[in-house]
Amino acid sequence: FSDSLLKTPEMAAADAYETSADGKRHRFYIKKHLRWCDGTFITPADFATAISRVRNSKTAEAVWLRDMDCLQVKGQTIEITTRQPNYLIPYWMGLFAFCLARASGAGAGRYVVEQNKESEIVLKRNPFYEGTEASAEWIHFTHIQDPQDNVDAFYRGQVDATADTA
């Protein structure tokens, strides 16, 4: 799913989804041909693991799922049931916090982790991704601790984007 709250979620990993009229049940019909970066197939259980990981984390995103009553995998479907109406769940599934990941670091999106060090991460294009191909062959993230150094590196053209400037 894309993560835009301005329109209906665009499906990337699901053939379809349904939200009950009362907003308490959300069913996602997961595509069968999706693959991890190593070529093995992704299962609905992998998505359920990602959702459970977020729910059990100590992140802000975990608060979004505090009303989750039940998470079930049935065949190619995932069903999320909440105690209170929650019409935002289809939108949240596209956010980075809910991304698929294995303990090995293997991913399933447009990019996979090539290198993960304390102050830098390098992502490379996933050859098994079946959606729109990533425009860049690789992305390099570098942590610059000092906010002013961050801004200076941006203005010198050493980085293409920066976020931590306060």
Side-chain angles (χ1 to χ4, degrees), residues 1-113 116 121 123-136 139 141 143 147 160-166:
F1 291 93
S2 68
D3 57 346
S4 172
L5 292 177
L6 302 176
K7 59 183 179 175
T8 302
E10 297 173 20
M11 294 175 282
D15 288 319
Y17 74 94
E18 302 168 352
T19 297
S20 63
D22 67 0
K24 294 181 182 181
R25 186 179 35 90
H26 308 272
R27 186 175 292 146
F28 300 88
Y29 299 88
I30 304 302
K31 293 179 179 180
K32 293 181 181 181
H33 65 277
L34 302 173
R35 295 177 183 262
W36 290 100
C37 63
D38 64 4
T40 58
F41 286 102
I42 297 170
T43 68
D46 294 320
F47 286 93
T49 298
I51 294 165
S52 294
R53 181 189 71 238
V54 171
R55 183 179 188 216
N56 297 326
S57 71
K58 294 181 180 175
T59 64
E61 291 84 357
V63 174
W64 300 344
L65 296 176
R66 69 179 175 258
D67 283 337
M68 188 168 77
D69 191 38
C70 184
L71 173 63
Q72 290 184 310
V73 175
K74 298 176 184 176
Q76 282 302 115
T77 66
I78 297 171
E79 187 169 294
I80 298 172
T81 306
T82 57
R83 289 182 285 280
Q84 301 295 322
N86 189 334
Y87 295 96
L88 293 176
I89 284 182
Y91 295 94
W92 293 341
M93 293 302 109
L95 299 176
F96 185 74
F98 292 91
C99 71
L100 294 173
R102 288 180 168 167
S104 66
R110 285 189 175 107
Y111 292 95
V112 295
V113 177
N116 186 0
I121 299 171
L123 305 178
K124 70 174 183 177
R125 188 182 294 144
N126 180 355
F128 293 102
Y129 184 71
E130 296 195 19
T132 305
E133 184 177 79
S135 56
I139 301 173
F141 295 93
H143 176 68
D160 295 319
T162 186
D164 188 14
T165 59

[atom1]/[X] to [atom2]/[Y] distance, rounded to the nearest 0.5 angstrom?
X	Y	atom1	atom2	result
Asp15	His33	CG	NE2	7.5 Å
Glu79	Arg27	CD	CZ	4.0 Å
Asn86	Arg25	CG	CZ	14.5 Å
Thr82	Arg66	OG1	CZ	11.5 Å
Leu65	Asn56	CG	CG	9.5 Å
Ile89	Met68	CD1	CE	8.0 Å

Does some side-chain heavy atom of [Y] sit less than 4.5 Å from a side-chain heavy atom of [X]?
X	Y	value
Ile80	Cys70	no
Asp38	Phe128	no
Phe28	Thr77	no
Asn126	Val112	yes

Please report the closest heavy-atom contact between [X] and [Y], naming both atoms and the distance.
X	Y	result
Arg83	Lys24	O-CE, 3.5 Å
Phe47	Ala13	CZ-CB, 3.5 Å
Ser135	Tyr111	N-OH, 4.0 Å

Checklist entry - Is the cationic atom of Arg35 (NZ for Lys, CZ for Arg) positioned less than 6.0 Å from the six-membered ring centroid of Phe41 and within 45 degrees of its normal? => result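 Judged by the rule (NZ or CZ under 6.0 Å from the ring centre, within 45° of its axis), Arg35 counts as positioned above Phe41.
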
When you measure from the side chain of [X] to the backbone of [Y], do you find a donor-acceptor pair of N or O atoms at a distance under 3.5 Å?
X	Y	value
Ser57	Val54	yes
His26	Ile78	no
Arg125	Ala134	yes
Thr49	Ala45	yes
Gln76	Ile30	yes

Checklist entry - Do Thr43 and Asp46 have a side chain donor and acceptor closer than 3.5 Å? => result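 Short answer, yes.
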
Checklist entry - Near Lys124 NZ, under 6.0 Å, is it more than 12 heavy atoms from other residues, nucleotides or ligands? => result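 Counting other residues, nucleotides and ligands, NZ of Lys124 stays at 12 neighbours or fewer.
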
